[in-house]
Amino acid sequence: MYPERHYQVVGTALPADAIWQGLPNRPEPAGWTHEEYLAAVLEQEVVARNASGARNRIRAAGFGASKTLDEVDWAMQPPVRDQILGLAGDAYLHEGRNIVLLGPPGTGKTHLAIALGIAAAKTGHRVLFDTAVGWVQRLSQAHTSDRLPAEPLRLRRYGLIIVDEVGYLPFEQEAANLFFQLVPSRYEQCSLILTSNLPFSGWGTVFGDQVVAAAMIDRIVHHAEVFALKGSSYRLKEQSFETMPSVAAEQQQV
């Protein structure tokens, strides 16, 4: 006797409804042997487990918003399209390589970083996302609770860490030193994706020390794909200067 749909298949972690969906209720009408039928059930189990695991990894990453590569307006960034789509797999993660996205505000850096992070989660990698300021706060909390030496090692359990908005706010010296702890711990071991509105030449100002900035950049770019995004802001591409809310309000007051 074959199990009814409301039973759980022995040895699986999912309800029978999730596993048996799309399969015939009996092997004989489909012309399958019992072995072929069991293989199909187990294949469904693997697919369902992978989908569930990806959802959990995406939720735990802390993206805040879901962005995919399918949603990118490549007309705004045609020179980098093929290279970035080529990174949608996980080869760079297995090699411990980094991705750096540089460009003016509004050119899609955060969207691309999140989309690549979601792609990494779907291929089985643990991911963490935060702004540069957020990462400094995390490391500061670890320092306050005497966990700083162990924190970078703990974070190496994540195949990918995404650091968004490097350069939007300058760091105090102590904060810069804390952030620096993150980079060497992942060098040639695990991957980073960083976004910044500044070229590398401006990072010394952000971190308050040209030597620290140079050492950090050296480790980041040694094994990295660096993309310089250009163009106008995505958020403003359908607005002229005159239609921006602040300008429109000023004009109404005249």
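- Val226 and Val183 fall within the same hydrophobic cluster, where Ile, Leu, Val, Met, Phe, Trp and Tyr residues are linked whenever their side-chain heavy atoms come under 4.5 Å apart, directly or through other members.
- Shortest non-hydrogen contact noted between Lys109 and Leu229 is CG-CD1, 3.6 Å.
- Between the side chains of Thr110 and Asp164, a donor-acceptor pair is found at a separation under 3.5 Å.
- The closest donor-acceptor contact from the side chain of Arg186 to the backbone of Asn98 lies at 3.5 Å or more, if one exists at all.
- Residues in residues 79-90 take part in no salt bridge (Lys or Arg N to Asp or Glu O under 4.0 Å) pair, two or more places apart or across chains.
- Leu116 approaches Leu87 most closely through the heavy-atom pair CD2-O, 3.9 Å.
- With sequence neighbours left out, the side-chain contact (heavy atoms from CB on, under 4.5 Å) criterion links Ala113 to Leu101, Ile162, Ile193, Thr195.
- In the hydrophobic clustering of this structure, Leu85 groups with Ile99; members are Ile, Leu, Val, Met, Phe, Trp, Tyr whose side-chain heavy atoms approach within less than 4.5 Å, directly or through other members.
- Here ring pair (Phe, Tyr, Trp, His ring centres under 6.0 Å) pairs that include residues 93-119, with residues two or more places apart or in two chains, are His94-His125.
- By the criterion of side-chain heavy atoms lying less than 4.5 angstrom apart, applied directly or through intervening Ile, Leu, Val, Met, Phe, Trp or Tyr residues, Leu198 is grouped together with Val166 in one hydrophobic cluster.
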Applying side chain to side chain contact (heavy atoms under 4.5 Å, CB included), run through Leu112 and Gln77 and close with a yes or a no. CA-CA 11 Å; Leu112 290 172; Gln77 301 294 344; 5.6 Å; no
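- Ala132 and Val163 make their closest contact through CA-CG1, 3.7 Å (heavy atoms, listed as atom of the first residue, atom of the second, distance).
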Going by atom type alone, with no hydrogens or angles, which donor-acceptor pairs under 3.5 Å involve a side-chain atom of residues 216-225 and a protein atom two or more places apart or on another chain?
residue: Arg219; atom: NH1; partner: Ala215; partner atom: O; Å: 3.2
residue: His222; atom: ND1; partner: Tyr187; partner atom: OH; Å: 2.5
residue: His223; atom: NE2; partner: Glu188; partner atom: OE2; Å: 2.7
residue: Glu225; atom: OE2; partner: Arg97; partner atom: NH1; Å: 2.9

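- Looking at every heavy atom in both residues, Ala115 comes nearest to Thr68 through CB-C, 3.6 Å.
- Nearest heavy atom pair, residue Pro105 against residue Asn197, reads CD-CB, 4.3 Å.
- Counting only residues at least two apart or on different chains, the ring pair (Phe, Tyr, Trp, His ring centres under 6.0 Å) pairs with a member in residues 198-219 are Phe171-Phe207, Phe179-Phe207, Phe200-Trp203.
- Proximity of Val206 to Tyr168: side-chain heavy atoms (C-beta onward) are nowhere separated by under 4.5 Å.
- Scanning for side-chain hydrogen bond (donor to acceptor under 3.5 Å, both in side chains) contacts around Gln173 gives Asn177, with sequence neighbours left out.
- Contact annotation: the side chain of Phe227 approaches that of Ile84 to within less than 4.5 Å [non-hydrogen atoms, C-beta and beyond].
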Worked check of side chain to side chain contact (heavy atoms under 4.5 Å, CB included) between Val100 and Leu102: CA-CA 6 Å; Val100 183; Leu102 305 175; 3.6 Å; yes
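- Around atom CD of Glu95, more than 12 heavy atoms belonging to other residues, nucleotides or ligands sit under 6.0 Å away.
- Within the model, atoms OG of Ser191 and CG of Leu160 stand 6.5 Å from one another, a figure rounded to the nearest 0.5 Å.
- Applying the side-chain hydrogen bond (donor to acceptor under 3.5 Å, both in side chains) test to Tyr92 and every residue at least two apart in sequence or in another chain returns nothing.
- A salt bridge (Lys or Arg N to Asp or Glu O under 4.0 Å) check over residues 147-162, counting only residues at least two apart or in different chains, returns the pairs Arg147-Glu151, Glu151-Arg154.
- Within the model, atoms OG of Ser66 and CD1 of Ile114 stand 8.5 Å from one another, a figure rounded to the nearest 0.5 Å.
- Pairing each heavy atom of Leu182 with each of Ile161, the nearest pair is CD1-CD1, 4.2 Å.
- The side-chain hydrogen bond (donor to acceptor under 3.5 Å, both in side chains) search around Ser185 returns none, not counting sequence neighbours.
- The side chain to side chain donor-acceptor pair (under 3.5 Å) analysis of residues 132-143, with sequence neighbours excluded, yields the pairs Asp130-Arg138.
- Residues Tyr158 and Leu148 fall within the same hydrophobic cluster, defined by Ile, Leu, Val, Met, Phe, Trp and Tyr side chains chained together at heavy-atom separations under 4.5 Å.
- One hydrophobic cluster holds both Leu128 and Val133 under the rule that ILVMFWY side chains link at heavy-atom gaps under 4.5 Å.
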